[in-house]
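Below is one structure, written out as structure tokens; comments come after it.
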Amino acid sequence: MKRIDGRHLSLILWIVGFFLMWEFAAFLLDGVLHDPMAAKKLPYFHAVISETVLNADNILLQSALTALRAAEGFLIGALVGFLLALLMDLFGVVERMALPYLLASQMIPILGLAPIIFGLVKDLDMSRVTIAAYMTFFPVSLSLLSGFKSVDIEQRMLMRSYASSKFLYYRKLALPYSVPFLFNGLKIAAPMAMTASAFVDTLSTQNGIGSIIIVALYGGGTTGQFWPAVLAASLLGIVSYVLVILAERVVERFIPRAPKEAAGEAA
Amino acid sequence: MNLSQDRTEICLKNIRMRFQMKSGDPINVFDGLDLEVYKGEFISFLGPSGCGKTTLLRLIADILQPTEGIVTVGGISAAEARKQHKYGIVFQKPVLYDWRTVAKNVALPMEMMKIPKKEQEEKVTEMLQLVNLEGYENSYPFELSGGMQQRVGIARALSLDSEILLMDEPFSALDEFTKMKLHEDLLRIWEATGKTIVFVTHNISEAVYLSDRVCVFTANPARLAGIVDIGLKRPRNEDMLISSSYLAYMGEIRHIFEAGYEKD
């Protein structure tokens, strides 16, 4: 109980600290340096919050739109990454053939790729889903593959002694063993999928949290919503990360892991 | 060793292994090794690291295949014997699944064989009794001591009722006291089940204490230098560890090692 209190306390301290630092920086800019553009460069945190509350309906709606497409892309990307890792682990040929392409795929800047995809599918939602999936599959695939590859040699020998089929090898050993690796990949991918979806928003001025940012930046008319939108977009990333952690906790109920120190002792 | 054919459980004939080294020439191990393991005996492969004792165990388990020669287990090829689950195997590490309870770990080979749940549960209870782990069914491996984990590994290896138990330095990572207790338990299990046990070790005392026969291996080149029949009566007990005949067997084995090295 005491430990949970401690954790909550540090979270509260972190939030209060963040708030104070922002306010202090804004005060420096506005009150000490007397920057005439202070309200645009770095408005007070409380001003951002009140602006967010004023535009809550729109911010929430556009955030939801961006987040839902990101989530769809995330799920598709995770599935593709999962299958790719499985195929690469099963067939060395696939790994040798696919890995250079996978690595190359991540070198293409999303800044250039997103307009290309949008130009091809001509649909904002589809582009959001595609780009989010594109950002997701790589870390998931690579993390899971490294999980599959780190299965202990003696564990493999044991499965061989049972004359195990490939299917049972994955079901009984490689998959449950690799669950922590899979979740590491998902944790990296989730905020990336959110950012990707929000980035596609900026390709148009129609909808999505990213479009609010771009309209506010260049349109000038809704300057007030710029900071709330940036705040909301950041929160989307954090929320997605937390959701993956919660999902991991649920899965750990069924596939428990050894606590780190105990695992070390056993070895 | 003029025992009749039907008493032979494992037969290794004219075994040669060639390991291609990354740097330079291949290394040849066992220059035409012949060995028979009899039904129900406790046989040890004893030697320093690099002598090929673990390699030989893996040949029997069909985890490795010989470059030359034939391995038969229970009258059939090692590959076929593996597919028919003729042996259970225990490694130096317990090799348990952290995400499975003790009971589920012991049941793993039976799950792989799709044995009915009810039967599995009965067998798990029986096996945990055999290795003195009643009451730990729902514990996780990381909650147990190293010795208890190895007991779970032994229970798992026995759960399919295979006639052969292959053990690859199973106690070498355990402390002396735990090891002694596990020796007692292993001998008791062996006497109760009548299994053929192939036991790999680098500990002379352990090999003499447990075995009917000790195969002494030397390294560089890896070869079987001699086989010593251990005539100590059964059941064995710790008093024997200070008996003159026990010490004589230890001396005999040491002598084989020394002779093996003088040749080099």
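Chain letters run A, B, ... following the sequence lines, proteins first, then strands; residues in each count from 1. For clarity, every value in this text was computed on a predicted model and none was experimentally measured.
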Interface moiety of [X] toward chain A, non-hydrogen atoms closer than 4.5 Å:
| X | answer |
| --- | --- |
| B:Asp168 | neither |
| B:Lys114 | side chain |
| B:Leu166 | neither |

Parallel, tilted or perpendicular: rings of B:Phe45 and B:Phe217 (30°, 60°): perpendicular
Residue, of A:Ser161, A:Ala163, A:Ser165, A:Ser164, that accumulates the most heavy atom pairs under 4.5 Å with chain B: A:Ser161
Chain B interface, residue from A:Leu158, A:Val179, A:Leu168 that has the most non-hydrogen pairs under 4.5 Å: A:Leu158
Side chain to side chain contact (heavy atoms under 4.5 Å, CB included) partner of B:Asp62, the single match among B:Lys83, B:Glu80, B:Arg82, B:Lys86: B:Arg82
Distance (rounded to the nearest 0.5 Å) between B:Ile89 CD1 and B:Ile154 CD1: 13.0 Å
Selection from B:Ala61, B:Pro109, B:Ala157, B:Ala79 maximising heavy-atom pairs under 4.5 Å formed with chain A: B:Pro109
Aromatic ring proximity A:Phe148/A:Phe181, centre distance under 6.0 Å: no
Neighbour count above 12 (heavy atom, 6.0 Å) for A:Met126 CE: no
